[in-house]
Amino acid sequence: MITKEQALEVLRGKNQEHVMKFFDELSADQQKDFLAQIENINWSDFDLIGSDEASARGEFTVPPAVEISEIQKRHDEFEATGLEAIKKGEVAAVLLAGGMGTRLGFDLPKGCFNVGETHDLFIFQCLINNLMDVVNQAGCFVLLYIMTSEKNDKATRDFFAEHNYFGYNPDYIQYFIQDMACAVDYDGKLLLENKGRLATSPNGNGGWYASMVKAGLDKDLKAKGVKWINIFAVDNVCQRIADPVFVGATISGGFQAGSKVVRKVDPQEKMGLLCLEDGKPSIVEYYEMSDEMAEAKAEDGSLLYKYGVILNYLFSLEKLDDIVNNSMFVHVVEKKIPHIDGEGNPVSPETPNGYKFELLVLDMVHMMDSNLAFEVDRVREFAPIKNLHGVDSVDSAKELLKKNGVTL
Ligand code: UTP
């Protein structure tokens, strides 16, 4: 542990000594925690502020894909392959639930949100219900790892325990906490959450495997014979998890990864599109795409780049080990960061006031040698909850749940 003097020396070297202003007011324990936070700052992130993130992109081509029509034809074959892997315990699921869910504006973890109307139906419950379909089909539980953040870990664990894991076998559930990263103002100055704590936030959804390794869970995965990991977002209440057909299609095709995708309905629709970039799997965000690329047509008149990702990926565990040993790209993202001012008064900004540093799972897809785009029906499998109302909201997700026969 560094001393106060050592911390001051480091901070002075970085022009950040303002964060020590309230240090002498803290209790001994608070001082210890604060010094530990300073010791763990990843200063290299700070060099990225102001650097042009949009580095030159390579040449884009159409990715290998299986469309719904082909999946229907080969359904039984894919399903049998996937079920065999699941029954052998080779497929684990990882729920990414470390996000702050700020757009929803809900105090508890997003998964605790109740979408039920006549009875309770929580987001976490929807996901467990979906996974139970596979458990029942395969006749065995699927290992489920839940990534939380230090901000929502206890609330998440308590919620699952209070609800008896929504019928899942808790022996198959493990939690791990993702890393945090510092937040800074637009001048790159560290912000304080309170007098004894730097403002931090979860470090994005791309740090999940590194956090699993830190928690020692990579050993657990290997000891249990896992070969494939299906990672998925907390907010899509209709998604299929550890879907045997998806698993089977990825394995049968000899791919290192698979991505569930939905067909873009409008050339300008705001979604990340799966492509090949210089022959490697790559996701291009809608704002990075030229109009020409967004509107390019295939021979049959359909959109050439039409596969939008829905944050449901299957990764080969072996390849993840390579990735975690290589450093991932850090994104500098503008956000609203609550903090205290120089006098110690709380500030809750209404508009973005600084930057957070995030790792994104889409960069992991790019680090895979091969990836299969697996098309799913968006009405059946894509109901993300980002907002309360409007696009990708509680309202739209409820409509889709009803369309899929779920009683709310
Ligand atoms: P979003 O990009 O929607 O972010 O996350 P968010 O933090 O949940 O919500 P907003 O932007 O503040 O409204 C997509 C998925 O990635 C997970 C989320 O929990 C969600 O499942 N995620 C995101 C993490 O697990 N950790 C993070 O640091 C960020």
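Counting convention: from 1, in listed order, for ligands and their atoms alike. Just so it is clear, the values below take in all heavy atoms, side chains as well, and ignore hydrogens, waters and symmetry mates. All residue numbers refer to positions in the sequence shown, counting from 1. In this text the structure is predicted, and so the values were computed from the model without any measurement.
Ring geometry for F159 against H163 counts as tilted: the plane angle lies between 30° and 60°, on a 0 to 90° scale.
Close approach of ligand 1 to K386 is summarised as follows: ligand atoms under 4.0 Å from at least one heavy atom of the residue are 1 (P), 3 (O), 14 (C). Applying the 4.0 Å criterion to heavy atoms of G204 picks out, from ligand 1, the atoms 26 (N), 27 (C), 28 (O), 29 (C). Taking every non-hydrogen atom of G98 and a distance limit under 4.0 Å, the qualifying atoms of ligand 1 come out as 19 (O), 24 (C), 25 (O), 26 (N).
In A97, the part holding a heavy atom less than 4.0 Å from any atom of ligand 1 is the backbone. Contacts with ligand 1 closer than 4.0 Å are made by side-chain heavy atoms of M147 only, the backbone lying farther away. At a 4.0 Å heavy-atom cut-off, ligand 1 touches L311 through the side chain alone.
Distances between N or O atoms of A233 and those of ligand 1 include no value under 3.5 Å. Polar contact check, V234 against ligand 1: a nitrogen or oxygen pair lies under 3.5 Å apart. Of the polar atoms of K110, none of the N or O atoms is found under 3.5 Å from an N or O of ligand 1, judged by distance alone.
Checked by atom type and distance alone, the side chain of N353 pairs as donor or acceptor with a backbone atom of I337 at under 3.5 Å.
Closest to atom 23 (C) of ligand 1 among all protein heavy atoms lies G99 CA, 3.6 Å. Summary of contacts: the protein heavy atom closest to atom 20 (C) of ligand 1 is L96 O, 3.7 Å. Of all protein heavy atoms, the one closest to atom 6 (P) of ligand 1 is G101 N, 3.6 Å. Closest protein heavy atom to atom 4 (O) of ligand 1: R103 NH2, 4.2 Å. At the shortest separation from atom 7 (O) of ligand 1 among protein heavy atoms lies M100 N, 2.9 Å. Counting only heavy atoms of the protein, atom 26 (N) of ligand 1 lies nearest to Q178 OE1, 2.7 Å. Scanning all protein heavy atoms for the shortest distance to atom 12 (O) of ligand 1 gives T102 OG1, 2.5 Å.
Partner W208 forms a side chain to side chain contact (heavy atoms under 4.5 Å, CB included) with one of L95, V94, D179, N203 and no other, that one being V94.
Using modelled atom types, one finds no donor on one side chain facing an acceptor on the other under 3.5 Å when comparing D392 with N387. Side chains of Y209 and D321: a donor on one and an acceptor on the other come within 3.5 Å. Inspection of the Q268 and E295 side chains reveals an N or O donor paired with an N or O acceptor under 3.5 Å. If you check the side chains of N42 and S44, you find a donor sitting under 3.5 Å from an acceptor. Q30 and E25 share no side-chain donor-acceptor pair at under 3.5 Å. No donor-acceptor contact under 3.5 angstrom links the side chains of Q125 and Y165, judged on distance only.
Atom CD of E292 is surrounded by 12 or fewer heavy atoms from other residues, nucleotides or ligands within 6.0 Å.
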